Asks: 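Submitted below is the structure of interest, expressed as structure tokens.
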Amino acid sequence: MIIIVMGVSGSGKTTIGKLLADSLEWEFSDADTFHSPENVEKMRRGIPLSEEDRMPWLQDLQTAIKHWLQENKNVVLACSALKNSYRQFLVVDSERIKLVYLKGSYELIQMRLQERSNHYMSEKLLDSQFYTLEEPVDTLSMDVAQPPQIIVQNIRTALEI
């Protein structure tokens, strides 16, 4: 199974994803590591990525997902997956890929980004993240105001894993 933990920057994808993977003894992967150096530099400067910028990144992610599925690996993937079209592109097997949406208020996410250091994702991009976000329907949604351990337990309970 692959669990894609999705949401805007600062929603806790990496934190929750790592905790979830550790609790399940699964692999963890962060979609941020699939970005090109050019994309990272754009985001560092506060420039939103274009669809053209994102397509090679999405293709690399889809390739990795297909590879994990072929190898029957259990992986938790932290990935923004803000648009429905991105999620459709990544969910190549709806039986073995589950989405978990980390949902939080603009104010909470903004506060988290202001407190974060050593990350290329600029706080300046928060508006564009919320603007781009197409909230998923029929997806497991978690309130990020809860403590991380509670979120992880709720994910495990909901997915029965």
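Worth saying up front: this structure is predicted, and the values here are computed from it rather than measured.
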Asks: To the nearest 0.5 angstrom, please state how far the CG atom of Asp143 sits from the CD1 atom of Ile150.
Replies: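 Rounded to the nearest 0.5 Å, the CG-CD1 separation comes to 12.0 Å.
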Asks: Looking at residues at least two apart in the chain, or sitting in another chain, which of them share a side-chain hydrogen bond (donor to acceptor under 3.5 Å, both in side chains) with Glu38?
Replies: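 In terms of side-chain hydrogen bond (donor to acceptor under 3.5 Å, both in side chains), with neighbours along the sequence ignored, Glu38 is linked to Ser36.
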Asks: Looking at Glu95, I'd like to know if its CD atom is crowded, meaning that more than 12 non-hydrogen atoms belonging to other residues, nucleotides or ligands lie closer than 6.0 Å.
Replies: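 Check fails, neighbour count at 12 or below.
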Asks: State, to 0.1 Å, how close Leu113 and Gly10 come at their nearest heavy-atom pair, and which atoms those are.
Replies: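 In this case the closest contact between Leu113 and Gly10 is CD2-CA, 3.9 Å.
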Asks: Taking all atoms of both residues into account, what is the closest heavy-atom pair of Val144 and Ile151, and its distance?
Replies: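 Closest approach of Val144 to Ile151: CA-CD1, 3.9 Å.
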Asks: If the condition is side chain to side chain contact (heavy atoms under 4.5 Å, CB included), which residues does Pro48 pass it with, not counting sequence neighbours?
Replies: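 For Pro48, the residues satisfying side chain to side chain contact (heavy atoms under 4.5 Å, CB included) (neighbours in sequence not counted) are Leu125, Ser128.
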Asks: Can you tell me how far the OG atom of Ser29 sits from the CH2 atom of Trp68, to the nearest 0.5 Å?
Replies: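 Answer for the OG-CH2 pair, Ser29 versus Trp68, is 3.5 Å.
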Asks: Who pairs with Lys66 by salt bridge (Lys or Arg N to Asp or Glu O under 4.0 Å), at least two apart in sequence or on another chain?
Replies: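 Listed in chain order: nothing, the list is empty.
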Asks: Taking side chain as C-beta onward, heavy atoms only, is Lys13 less than 4.5 Å from Leu102?
Replies: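 They are in contact (side-chain heavy atoms under 4.5 Å apart), so the answer is yes.
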Asks: Applying side chain to side chain contact (heavy atoms under 4.5 Å, CB included), name anything that partners Lys42, two or more places apart in sequence or on another chain.
Replies: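 By the side chain to side chain contact (heavy atoms under 4.5 Å, CB included) rule, Lys42 matches Arg45, Ile47, Leu49, Asp53.
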Asks: Once ring-ring contact (aromatic ring centres under 6.0 Å, His included) is applied, do any residues pair with Phe130, and if so which ones, sequence neighbours excluded?
Replies: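 Counting only residues at least two positions away or on another chain, Phe130 forms a ring-ring contact (aromatic ring centres under 6.0 Å, His included) with Tyr106.
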Asks: How many angstroms lie between CG in Leu58 and NZ in Lys83, if you round to the nearest 0.5 Å?
Replies: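 Rounded to the nearest 0.5 Å, the CG-NZ separation comes out at 10.5 Å.
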Asks: Is there a side-chain contact between Ile161 and Ile3, using heavy atoms and a 4.5 Å cut-off?
Replies: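 Yes - at least one pair of side-chain heavy atoms lies under 4.5 Å apart.
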Asks: Looking only at heavy atoms, what is the nearest atom pair of Val8 and Leu133, with distance?
Replies: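 Distance-wise, the nearest heavy atoms are CG1-CD2, 4.1 Å.
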Asks: Would you say the side-chain atoms of Gln146 and Asn154 include a donor-acceptor pair closer than 3.5 Å?
Replies: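 Checked: Gln146/Asn154 side chains pair up, N/O donor to acceptor below 3.5 Å.
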Asks: Nearest heavy-atom pair of Gln62 and Phe89: which atoms, and what distance?
Replies: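 That closest heavy-atom pairing would be NE2-O, 2.8 Å.
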Asks: Can you name the nearest heavy-atom pair linking Ala31 to Leu61, along with the distance?
Replies: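 In terms of heavy atoms, the two residues are closest at CB-CD2, 3.7 Å.
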Asks: More than 12 non-hydrogen atoms from neighbouring residues, nucleotides or ligands closer than 6.0 Å to CD on Glu25, yes or no?
Replies: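 Open: at most 12 neighbouring heavy atoms sit under 6.0 Å from CD of Glu25.
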Asks: Quick one: do the Asn39 and Arg54 side chains pair a donor with an acceptor below 3.5 Å?
Replies: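 On atom types as modelled, these side chains do not qualify, holding no pair under 3.5 Å.
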Asks: Got a second to check how far Leu126's CG is from Gln114's CD, nearest 0.5 Å?
Replies: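 Output value for this atom pair is 9.0 Å.
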Asks: Using a 3.5 Å distance criterion without hydrogens, assess whether the side chain of Arg156 forms a donor-acceptor pair with backbone atoms of Ser23.
Replies: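 Judged by distance alone, yes, a pair lies under 3.5 Å.
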Asks: Write down the atom of Leu82, the atom of Gln129, and the distance for their closest heavy-atom approach.
Replies: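 Scanning both residues, the minimum pair turns out to be CD1-NE2, 3.6 Å.
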Asks: In chain order, what residues pass the ring-ring contact (aromatic ring centres under 6.0 Å, His included) check against Trp57, with sequence neighbours excluded?
Replies: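 Result, ring-ring contact (aromatic ring centres under 6.0 Å, His included) vs Trp57: His35.
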